[in-house]
Each structure stands twice: as C-alpha cells, then as structure tokens.
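Comments concern the structure below.
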There are 2 protein chains.
Amino acid sequence: MVTESRRETESRREREIRQRESQILDIARGQILTAGYLGLNMDRIAAEMEYSKGTIYQHFRNKEEILLALANDAQQQRIRMFQAAADSSGRPRERLCAIGAAAEAFLEQYPHFFMVEQLVRSVSIWEKTSPERRKLMRNCEQRCMAIVVSIVRDGISVGDLALPPEVTPEDVVFGCWSMNWGGMIIATTSDSLADIGIAHPGLALHHNMSALLDGYHWRPLSTEHDYAAHVQRVKQELFPALEPQAN
Amino acid sequence: MVTESRRETESRREREIRQRESQILDIARGQILTAGYLGLNMDRIAAEMEYSKGTIYQHFRNKEEILLALANDAQQQRIRMFQAAADSSGRPRERLCAIGAAAEAFLEQYPHFFMVEQLVRSVSIWEKTSPERRKLMRNCEQRCMAIVVSIVRDGISVGDLALPPEVTPEDVVFGCWSMNWGGMIIATTSDSLADIGIAHPGLALHHNMSALLDGYHWRPLSTEHDYAAHVQRVKQELFPALEPQAN
DNA sequence: TCAAAAATTGACGAAGCGTCAACAATAGAC
DNA sequence: GTCTATTGTTGACGCTTCGTCAATTTTTGA
C-alpha cells in the first residue's frame, strides 16, 4: 500500500516537472473551446488535473496569464504556418495567397486559438498580465508582420507590383490582415449570415481579397491567373486537414 | 419631514417611470467605457442610481441583457448614421464612401458602442440572452446590410459597376464590412501598430478601401476622383464631431 | 379608509478568484 | 541512515460579484 502510493506519487512528480505547464494550457484550451471565456475556471482546471489550485498559481500569476499564454501559443503556431506558406514556391502574389490559405487552415485546425486571440483583443486582459508576456506577444506580432511584408517587397522588386508613393508595403499587409481578420470574425460570430445574403463567407472572402490585390494592380491579376486553385493546392499540400471541411 | 420625504419619493417615481431603463444603460455604458467588460458591475450600477439591485433585475434579466441592449442601441445609432450617409447626394461609389465616413464617425463619437459590439461577438453573451432581444439584433443587422447593399445595386444599375457572375452585391458589402471592422479592431486593440510600420491606420484603411473598390472596377476609380476629400466633406457636414480629431 | 396589487429592498446563497499558513516531499550535509 | 533546510503542495479562507426572494413599502382603486 505504501509502496504503491509512493510509486504513484513519484511518477506523478516526474510527469509534472516536464508537462505541467502544457497540461494546464491543454485543459484551459478545452474549457475555452467548449464554454468560452466564462467557461475558463481555475478550480475546474485544478480538478481536471491531479493538482490543487495553489500549484496552478505557481505557474501562472492569474487567469489572464493563462489566456495570454494560449494566445502566444496561437501566434507561434500561426507564424509556423505563415512561414511555411511564405517559403512556398511561386510568384509573390501566389505566395501571398498561400498566406491566406495558411490563415484559413489556421482557423479550421485551431479554432480555439482564434477564439483566444479574439478574447485577448476585446476583454481587457492586457493590463492584468506581466510585461514579459506582453512583450513576447508584440514580438510575435512583429515577426508575423515581417513575413508578409517581405512578400509584398518581393512583389515590388520583381516588378509585379508598383505601389503609389503614399502607400507602403505595410499598408497593403494591413489591408489583407484587416479583411481576413474582420471577415473571419464576422463569419464565425454572426449566426445569420445566410439570412443576410452571404451563403459562402469563405468564398466571398476570396473574391474580396482578389479584388483588393487587383486594385493595387498586383500581377498577375486575378483575371489572368487561377488563384482559387492555388489556394486549394497550398492548403492540401502544406496544411492537410484531418478531415476535409466544407466552406 | 414627512411631506418632504413623500415629495422626493414621488418625484423620484416620476423620473423612474420614464427614465430608469435608459439611466441603467447610461451608467452601464460609462462603466464599460472606463473599465471594459469586467468593469460592468450590477452592484455598482445600483449604487450609482438611487435604486437597489433588485429593481435593476426587474428591467434586465441579467448582465448580458444589459450588454445586448447597449449593443442594440449601438446598432440603432449606426443605422441612423448609415441611412444619413446613404441618403447623401453623389454617385453610388461616393455614397458608399459616405458610409465609410459614417462608420468612422461612429467609432469616433461612440467608442463605447464599438466596444460593446466587440464584446457581444467574443464573449459568449449570446446564449444567455432572451430570444426577443436576439431577434431584434438580427433585424438591425439585416437593415444595416440592406442599406449598403442597395447602394451597390444602384452602382450596378447606373452602370458604374459590373460584377462578375460569381460575385453578388452582398459579397461586395461583406468585403467592405470585413475590412472596416477588421481594420478598426486592429487599430483600436493593437498597441504597437506604429512599431509594426503602420503610423496612420485610418489613412491605410482608406487606401485599402479604395483599392478594394478599384479592384471591382467601380467607376469612377480612385485615380479619377478624390474620394478622400469626399469623405472629409461628408464627415464634416453630416457627422460634425464635437472636437476635430486627428487620425 | 383600507385591502389587494405592485414595486422595492437588501440580506443571502452560490460560485469564482487569488492568498497563505500549514503540511509534505526532497535534497544535501554529516 | 538521520536530520535539517529548502522547495513544493494543499485546500480552507477572505473577498467579490451575480442573481434570488421573502419581507417591507408604496400605490392603486374600491
């Protein structure tokens, strides 16, 4: 009995030293996914682990830190996917479309990450968290931005894109980012899009993104090239989903 | 003493019957504006009014209902402003720009409304509220959509715009909506945009909106017409701000 | 004037966050 | 192997907030 108990305790300890932090985050992720921000509950995290609340607070100063840690994981994952897309072959505008495909795959494969990022932006979580973690977040945002901006620069340098003097590559990325982010938020949080007349938000987003880049005269124009097919190809090759998902 | 007390009570009663609901909302608005979602506190609302908590719960079933009521006010206000913009004179694309100006003015003049709408979308408030209020919200969304869609239809019918067969007017509106919403969220919730290279998000949004509509070949193109000036004019004439605000 | 109906109150239960004094396990010295 | 210092763990507790409800006050209208 004592031996049994001791062995169990030791094995638990081993596990904990390696995995506890990510275990906390896994559980938190699940809770947020099933019940949103208000479903995230410190006591329940403790209950779902084999640990008490106090121990959780040794890893994270408060609830918001957990949320920000999750958001950070989300950004890391997005950066990985964006980088893979940016490294794909093709002309710059094709690679930008690949980024779009990455963003789409990100939403489909990690919906909890998307939710968490939304939360961090709307509920005032920011000011309750530690400066270190905030800095980490900003850093990720900058890296993500840099990846996409460099594609726009490539477009300019190969002569596919010529921006007017008052528009910077960063502005273009801001446009893509805005449309993607806004479109995804609306698509995932408006329950009556179909009633409004938007049966296929994913498709509409593609059309609008094409129009945006066509508006900047980025060659080849969407009339000269089948970007939809490219997006499909990239998604299947770089970001294969577990199950194919209708849009 | 008794008379004094009775008179006060009666006057309070008069006020209450007319104003109580909007008084609750006013206070709630202020709390959200200063301290976000978590700053909204039923006990403090009660304290700031001359009433007790129980009375507030006679007007609103729960906290979320207050939030949704505020969101509803926001939408009503936005519809008013959108309608004014839609009724302005000019060619259809100019009127669409006027809608953009309205959205901008809305954000500047009613920041709390913007915050509330964001909250309703991200924190899972929806399922805790009454079906009636939810229906009201959907209705507003549809009306708002209809206003803008009719401008796009006007553009088509006067021959300024010719959409490809796979794109509907609703899709175009979805694009404008996405970009505006996404851009505004990013601009108001990213504290390090300047570090990222976006010094003037408002200006960038204009450029991107121009590119989007240019991409659909909506005449007159942004190269043929000064839409920025139009936006400025509309904002000043239709939506004069209390104090002129830098972007 | 008075009883029935309606409005108002705030104490209360429930639930959640974060703390901390007490307890347990481990490491290291001898 | 034993003992002490350090480090880790626990859950009861204080505090805050939501939403309820029995008791009380006010209003209505007969």
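FYI, side chains are in, hydrogens and waters are out, and symmetry mates aren't considered; it's all heavy atoms of this structure. Below, chains carry the letters A, B, ... as their sequence lines are ordered, and counting in each starts from 1. Since this is a predicted model, take the numbers as computed values, not measurements.
Across the protein-nucleic acid pair, B:Ile24 atom CD1 and D:dC18 atom P stand 14 Å apart, rounded to whole Å. Between A:Asn62 atom CG and C:dC17 atom P there is a gap of 11 Å when expressed in whole angstrom units. Taking atom OH of residue A:Tyr57 and atom C1' of nucleotide D:dG8, one finds them 18 Å apart after rounding to whole Å. Put simply, CD on A:Gln58 is 12 Å from P on C:dT19, counting in whole angstrom units. Taking atom CE of residue A:Met49 and atom C1' of nucleotide D:dT9, one finds them 12 Å apart after rounding to whole Å. Per the geometry, NE2 belonging to A:His59 stands 16 Å off P belonging to C:dT19, to the nearest Å. What separates CD1 of B:Ile66 from C1' of D:dC18 is a distance of 11 Å, to the nearest Å.
Of the charged side-chain nitrogens involved, none lies within less than 4.0 Å of a carboxylate oxygen, so that B:Lys128 and B:Glu65 do not count as a salt-bridged pair. Using a cut-off of 4.0 Å between Lys/Arg side-chain N and Asp/Glu carboxylate O, B:Glu141 and B:Arg121 are scored as salt-bridged. A salt bridge links A:Arg138 with B:Asp191; the closest basic N to acidic carboxylate O contact falls under 4.0 Å. Under the 4.0 Å criterion applied to side-chain N and carboxylate O atoms, A:Lys53 and A:Asp43 are assigned as salt-bridge partners. Salt-bridge check for A:Glu117 with A:Arg78: passed, with a basic side-chain N closer than 4.0 Å to an acidic carboxylate O.
Residues B:Gln77 and B:Asp73 bring no donor and acceptor atom of their side chains to less than 3.5 Å of each other. Counted by atom type alone, A:Arg20 and A:Gln23 present zero donor-acceptor pairs between their side chains at under 3.5 Å.
Listed by residue number, B:Leu40, B:Asn41, B:Met42, B:Asp43 are the residues of residues 37-44 of chain B with a heavy-atom contact under 4.0 Å to DNA chain D.
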Measure all distances between protein nitrogen or oxygen atoms and nitrogen or oxygen atoms of nucleotides 11-14 of chain D, and list the pairs falling under 3.5 Å.
none

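A sub-4.0 Å separation between OP1 or OP2 of D:dC18 and a side-chain N or O of B:Arg61 is absent.
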What do the steps show when you test A:Ser122 against B:Thr189 for side-chain contact (heavy atoms from CB on, under 4.5 Å), and what is the final call? CA-CA 8 Å; A:Ser122 58; B:Thr189 63; over 6 Å; no
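Shown here is A:Arg61, whose CZ atom has no more than 12 heavy atoms of other residues, nucleotides or ligands within 6.0 Å.
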